[in-house]
Amino acid sequence: AHWTPWFLPLMRRRNTRVVHAHYGPTALRALPFVWRERWPLVASFYGYDVAFLRAPWRHRRHLVYGACHPLLFRAARRLLVLSRAMRDELVALGAPAARIEIHRNGVDLGRFRPAADHAPDGVPAVLMCGWEVEKKGFAFGFEALARVRRRGRPFRVLYHTARPGPLRPALDRTIERLGLG
């Protein structure tokens, strides 16, 4: 969310008690508000926001974030990351280890059961979507699906990208090599 003049009155009316900002640059933009109102700040990092801090001068759009992230690290009550590697990287960048918690994305599979009629023809569908870059792990997903197919389990793959990424040609070759076309 972009922090605009109308945001603060709205948050006051809703009796805000804590601000949870998703992505480092958004959390940095929230600092003037949380300082003014004395609200605790929780910042969730997802990857690109940590990568920018490795070389902030390469990304003009995030120069302020690169220069001011130590303020964010000091101000936030909690810094949530997705993995130990991301935690270690934030610590190396100056974040206090005691305030960092690993909070993985995912679904508690014990809370959900597939519907009996999950597909009209009884063949489950696997949806894969995202930008075709290495960190999204499409190649790993396709390899896993090929193993499932070798075990004789039928499925349908729905593969969608909002825009092709740099790995598109390599992923097309992987799909063909694994017989997942």
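Counting from 1, the numbers follow the sequence of the chain as shown.
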How close do [X] and [Y] get, heavy atom to heavy atom, and via which atoms?
| X | Y | result |
| --- | --- | --- |
| Ala125 | Leu158 | CB-CD1, 4.0 Å |
| Ala27 | Ala21 | CA-CB, 3.5 Å |
| Gly165 | Glu132 | N-OE1, 2.8 Å |
| Ala30 | Val19 | CB-CG1, 4.5 Å |
| Gly179 | Arg149 | O-NH1, 3.2 Å |

Check whether more than 12 heavy atoms from other residues, nucleotides or ligands sit under 6.0 Å from atom [atom1] of [X], and answer yes or no.
| X | atom1 | result |
| --- | --- | --- |
| Arg177 | CZ | yes |
| Glu134 | CD | no |
| Arg14 | CZ | no |

Is any side-chain heavy atom of [X] less than 4.5 Å from a side-chain heavy atom of [Y]?
| X | Y | result |
| --- | --- | --- |
| Arg104 | Ile102 | yes |
| Pro169 | Arg173 | yes |
| Val50 | Leu93 | yes |
| Tyr65 | Thr26 | no |

Presence of salt bridge, Asp88 and Arg84, under 4.0 angstrom: no
Would you say [Y] ends up clustered with [X] if hydrophobic residues are merged whenever their side chains have heavy atoms under 4.5 Å apart, either directly or through other cluster members?
| X | Y | value |
| --- | --- | --- |
| Leu167 | Tyr48 | no |
| Leu72 | Leu80 | no |
| Phe33 | Val18 | no |
| Leu82 | Phe52 | yes |
| Leu41 | Leu10 | yes |

Could you measure the distance from the [atom1] atom of [X] to the [atom2] atom of [Y]? Nearest 0.5 Å is fine.
| X | Y | atom1 | atom2 | value |
| --- | --- | --- | --- | --- |
| Thr174 | Glu143 | OG1 | CD | 7.0 Å |
| Lys136 | Thr161 | NZ | OG1 | 12.5 Å |
| Leu53 | Leu90 | CG | CG | 7.5 Å |
| Arg168 | Ile175 | CZ | CD1 | 7.0 Å |
| Asp49 | Met86 | CG | CE | 7.0 Å |

Any side-chain donor near an acceptor of the partner, Arg17 and Asn15, under 3.5 Å: yes
What verdict does the side chain to side chain contact (heavy atoms under 4.5 Å, CB included) test give for Leu171 and Tyr159, after you've listed the backbone C-alpha separation in whole Å, the side-chain angles of each residue and the deciding distance to 0.1 Å? CA-CA 11 Å; Leu171 291 172; Tyr159 174 50; 3.5 Å; yes
Passes side chain to side chain donor-acceptor pair (under 3.5 Å), His20 versus Ser44? Steps please. CA-CA 7 Å; His20 181 186; Ser44 285; 2.7 Å; yes
How are the rings of Phe138 and Phe142 set to each other: parallel, tilted or perpendicular (split at 30° and 60°)? parallel
Classify the ring geometry of Tyr23 against Tyr46: parallel below 30°, tilted from 30° to 60°, perpendicular beyond 60°. tilted
Would you say the side-chain atoms of Trp39 pair up with the backbone N or O of Thr16, donor to acceptor, closer than 3.5 Å? yes
Stacked cation flag Arg99 on Phe73, 6.0 angstrom / 45 deg: no
Run the side chain to side chain contact (heavy atoms under 4.5 Å, CB included) test on Met128 and Leu145 for me, step by step, so that the C-alpha distance in whole Å, both residues' side-chain angles and the decisive distance to 0.1 Å come before the verdict. CA-CA 11 Å; Met128 297 176 70; Leu145 290 170; 3.7 Å; yes
